[in-house]
Amino acid sequence: MRRGIAHIAGRRILNVERAPCSRRPIEILPRIDVFRRRVQGQVIREVGRLGKRVVLVLEDEQRIILEPRMTGLVLMADPPTVDHLRISITLERVAQPLLFWDRRGLGSVRLCSADEYAKRYGLEKIGPDALVISPAELRSRLCTSRREIKVALLDQRAVAGVGNLYASELLHLARIHPARRCDTLRKAEWERIHAAMLAILQTAIKYEGSTLSDGTYRNALNESGNYQNHHRVYDRADQPCQQCKGGIIQRIVQAQRSTFFCAKCQTRRSRTRS
DNA sequence: CATATGTCCTGAGAGC
DNA sequence: TGCTCTCAGGACATAT
């Protein structure tokens, strides 16, 4: 998402409008008239990312945080439908406005001063990024937890950027059972988890994300992703594991979320040291 | 303090 | 066919 709109860096904001949407409004803070007054005329200095959020850094250090959650899209193109369009940001000398579209409306758009941003999104709220964190840091942040590893990986304060789909995917690549308690994992296993996390996320980014059967995720040009065609386990319950050719993908529920894994590749116990 | 659960939302798909 | 029901998972508030 971030890369899809990275080219708007350097552009000046002309206007911000709440789109006419018949649905319950998403959270937009502050209210739209205050929002508009504070950003109008500001140049977007940087198009950044904080975990799963896209962050527009303005020339006066204010930040616009676009939080898509499940079904939100950040677009520089026509949206899938006009119905769920939420906010529109027009830019100087760019015909196409920046749009935030959100079918289910769980997402939000928020404008923060530099201080408010530091308080609300500091390191104690959003942990180190999954693409940047070191293996040692990942391990030290989670190795005393009694939670199951798949559940712990979704905690954005521990490590930022891993969602439900990719947690299953990376644990399959790492050959770690999703229900393994963090405090039972050995150093070599943490290193496998870290390497798999990087590999899965980098590959998923390369393929522009996963557009699932509900068709929701689209890139900034409203095009489908392609990583769903590379899923190892996610949404593949009862299908054979492509890795071991013998296992059948299982679906379980952890913390009210689906987890997919191959019981043959991902054994519940770590191999005992020889 | 750490961990677990409930909440919001829409539309696809299942089941009858 | 058309209806009702369940489910998907982000982050955060509240409960244990």
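All chains are named by letter (A, B, ...) in the order of the sequence lines, taking the proteins before the strands, and each is independently numbered beginning at 1. Since we're looking at a predicted model, the values are computed, not measured. Scope of the values below: all heavy atoms of this structure, side chains included, with no hydrogens, waters or symmetry mates.
A salt bridge between R232(A) and E169(A) is absent, with no side-chain N of the basic residue lying under 4.0 Å from a carboxylate O of the acidic one. Note on R45(A) versus E61(A): salt bridge recorded, some NZ/NE/NH1/NH2 to OD/OE distance being below 4.0 Å.
Of the residues in residues 127-148 of chain A, those lying under 4.0 Å from DNA chain B by heavy-atom distance are S145(A), R146(A), R147(A).
Linking ILVMFWY residues whenever their side-chain heavy atoms come closer than 4.5 Å, directly or via other members, places V39(A) and L66(A) in the same cluster.
G72(A) comes within contact range of no nucleotide atom at all, as no heavy-atom separation falls under 4.0 Å.
The only option from N219(A), I205(A), V47(A) that meets the side-chain contact (heavy atoms from CB on, under 4.5 Å) definition with R3(A) turns out to be I205(A). The side-chain hydrogen bond (donor to acceptor under 3.5 Å, both in side chains) with T259(A) is formed by just one residue from the set H177(A), E148(A), Q254(A), R251(A); it is Q254(A). The residue from V43(A), I64(A), T90(A), L98(A) that alone fulfils the side-chain contact (heavy atoms from CB on, under 4.5 Å) condition with I13(A) is I64(A). Put simply, the residue from R110(A), R18(A), R86(A), R69(A) that forms a salt bridge (charged side-chain N to carboxylate O under 4.0 Å, His left out) with E27(A) is R110(A).
Here L185(A) contributes atom CG and C143(A) contributes atom SG; the two are 9.5 Å apart, rounded to the nearest 0.5 Å. Considering CD1 of I5(A) and CD of Q96(A), their distance stands at 12.0 Å, rounded to 0.5 Å.
In this structure, the ring of Y166(A) has its center less than 6.0 angstrom from the ring center of Y227(A).
At whole-Å resolution of the value, CG in L153(A) and P in dA11(C) are 13 Å apart. In this structure, I26(A) atom CD1 and dA11(C) atom P are separated by 15 Å, rounded to whole Å.
Residue V151(A) is the one, among G105(A) and V151(A), whose nearest nucleotide of DNA chain B lies closer to the 5' end (criterion: closest heavy atom).
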Protein and nucleotides 12-16 of chain C: nitrogen or oxygen contacts under 3.5 angstrom:
residue, atom, partner, partner atom, Å
dC12(C), OP1, R53(A), NH2, 3.3

Output a table of nitrogen or oxygen pairs between the protein and nucleotides 4-8 of chain C separated by less than 3.5 Å.
residue, atom, partner, partner atom, Å
dA8(C), OP1, R251(A), NH2, 2.4
dA8(C), OP1, S258(A), OG, 3.3
dA8(C), N3, R104(A), NH1, 3.2

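Contact between the side-chain N/O atoms of H84(A) and the OP1/OP2 oxygens of dC9(B) is not found at any separation under 4.0 Å.
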